[in-house]
Amino acid sequence: MPKRIVILGSTGSIGRQAMQVVDEFPGEFEVVGLAAGSNMDLLAEQIAKHRPKYAAAGSREAAVKLGALIKDDRLPVMYGDSGLESLAGMDGLDLVLVAVSGIKGLRPTIAALERGTAVALANKETLVTAGDLVVKKARERKTRILPVDSEHSAIFQCFEERNSAAVEKLLLTASGGPFLKCSATELDKVKPAQALRHPRWRMGAKITIDSAGLVNKGLEVIEAHWLYDMPYEKIEVLIHPQSIIHSMVQYADGSVLAQCSLPDMRLPIQYAFFYPERRKNSFPRVDFSEVGELTFMKPDQERFPGLGLAYEAGKAGGTMPAVYNGANEKAVELFLAEKIKFSSIPAVIENVMKKHRPLQEYGLEEILEIDRWSRLAAVEAVY
Ligand code: NDP
Ligand code: MG
């Protein structure tokens, strides 16, 4: 029986690579639903090829455009947040890949888990903003969150359940991004086009900007805390510019397990799709003699204060990580629109965090409300 899957964000960087994984294994997957925001031409192509039963678009206008492109009255096209939620929460699915960007991944993730469907989670903002609720929901419905983010997939692959009490620390690796060697004054002058040029990974705009300022690693620290129930003191970030080791787990006996491969997101996507199996694929292999050397260094928290702020938000707990995330999402948007400097992104996050007193008890609606407040507060911090 093919696995019945839904892919949210199928036209994005992760979504397109997920479609390549589906193509790599003919007959193994039935694509039941696809969702994208505005790139209806590509979504229409994907629909023509995979013939899903349902589709969703980011807006009503996009849904109308899609309807005209596919000329198929039998395919129900939904739109907006409720479209994503309906697709994710359908009955009879084996897996939902959540590969939309930002907090809009949260509701559909919860909808899928609520149904007892396993979630392959690329969207990190979901765990950052509401990790507690999401992890509890998966436990309550006895289903799994399968990490797609490469670092968390690496940890997942190196984490020995039977020895979980003997885990000494998690070592999250980071490429360091395009500004690894830039001075603080150079960072001040960075333009969006430069920040969008990542040396190792081709990703969507939001995560690429996050990566350039180590905010992405900050989000991943919080993500790791929830996925592996690990205190922040035991999560360490290590710059590793070659991006061959995707993360490591250190045990009480001093042994360190690392997962290595070429930087290719199709691998963690495939691992999540077939978990717990490893299947043969035709993707390129790493040649260590060609890589030559693997190097490591500590992150520079002074030039990249966004990382330290994530630890602060995580340790404050409750709703503070949602504020870190919401302020960052807005700040990245303002930077891409050339309204603020690159170095103002962490300054905006810090400003908004200072104004928030975290609630330790919260539900989904509080998180969404705090997210809206954080975005407004981020704009106020600028103007
Ligand atoms: P992209 O920006 O490339 O893709 C986002 C996808 O979401 C697109 O398909 C987009 O559609 C779709 N989308 C946007 N708005 C809506 C909406 N309202 N309804 C339905 N679909 C929508 O992002 P990435 O693929 O880079 O990242 C996705 C997530 O995965 C992020 O949370 C990121 O942090 C995480 N991630 C990404 C990695 C990567 O290598 N790219 C690595 C690890 C994690 P459209 O393009 O049509 O507008
Ligand atoms: Mg990552």
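Whatever order the structure lists them in is the order used to number ligands and atoms, beginning at 1.
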Could you tell me whether [X] approaches ligand 1 through its side chain, its backbone, both or neither, with non-hydrogen atoms closer than 4.0 Å?
X	answer
Glu125	side chain
Met203	both
Ala99	backbone

### Message
For the CZ atom on Arg357, are there more than 12 heavy atoms of other groups (residues, nucleotides or ligands in this structure) within a distance under 6.0 Å?
### Response
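Atom CZ in Arg357 is not packed in, count stays at 12 or less.
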### Task
Would you give the length of the straight line joining atom CD1 of Ile235 to atom CG of Leu170, rounded to the nearest 0.5 angstrom?
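So the gap between those two atoms works out to 5.5 Å.
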### Query
To the nearest 0.5 Å, how far apart are CD in Glu329 and CD in Glu333?
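Spacing of CD (Glu329) from CD (Glu333) equals 8.5 Å.
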### Query
With distance as the sole criterion, is a donor-acceptor pair present between the side chains of Ser175 and His198 under 3.5 Å?
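A donor-acceptor contact under 3.5 Å links the two side chains.
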Within a distance under 4.0 Å of any heavy atom of [X], pick out the atoms of ligand 1 and give their elements.
X	value
Ala122	30 (O), 35 (C), 36 (N), 44 (C)
Lys124	32 (O), 34 (O), 44 (C)
Thr11	8 (C), 9 (O), 10 (C), 11 (O), 45 (P), 46 (O), 47 (O)

#### Entry: Option whose closest heavy atom lies nearest to atom 23 (O) of ligand 1, chosen from Gly204, Ser211, Gly37
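Checking each option, the heavy atom nearest atom 23 (O) of ligand 1 is found in Gly204.
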### Query
For atom 29 (C) of ligand 1, which candidate among Leu84, Leu8, Val100 provides the closest heavy atom?
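Comparing heavy atoms across Leu84, Leu8, Val100, the nearest one to atom 29 (C) of ligand 1 lies in Val100.
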### Task
Give a yes or no on whether the ring-centroid distance for Phe29 and Phe274 is below 6.0 angstrom.
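Yes.
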### Query
Is the distance between the ring centroids of Phe273 and Phe25 less than 6.0 Å?
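No.
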### Message
Given the Mg ion (ligand 2) as the apex, I'd like the angle to OE2 of Glu220 and OE1 of Glu151, rounded to 10 degrees.
### Response
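That angle is 100°.
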#### Entry: Test salt bridge (Lys or Arg N to Asp or Glu O under 4.0 Å) applied to Glu125 and Lys206, step by step
CA-CA 11 Å; Glu125 294 87 349; Lys206 197 262 174 181; 3.0 Å; yes
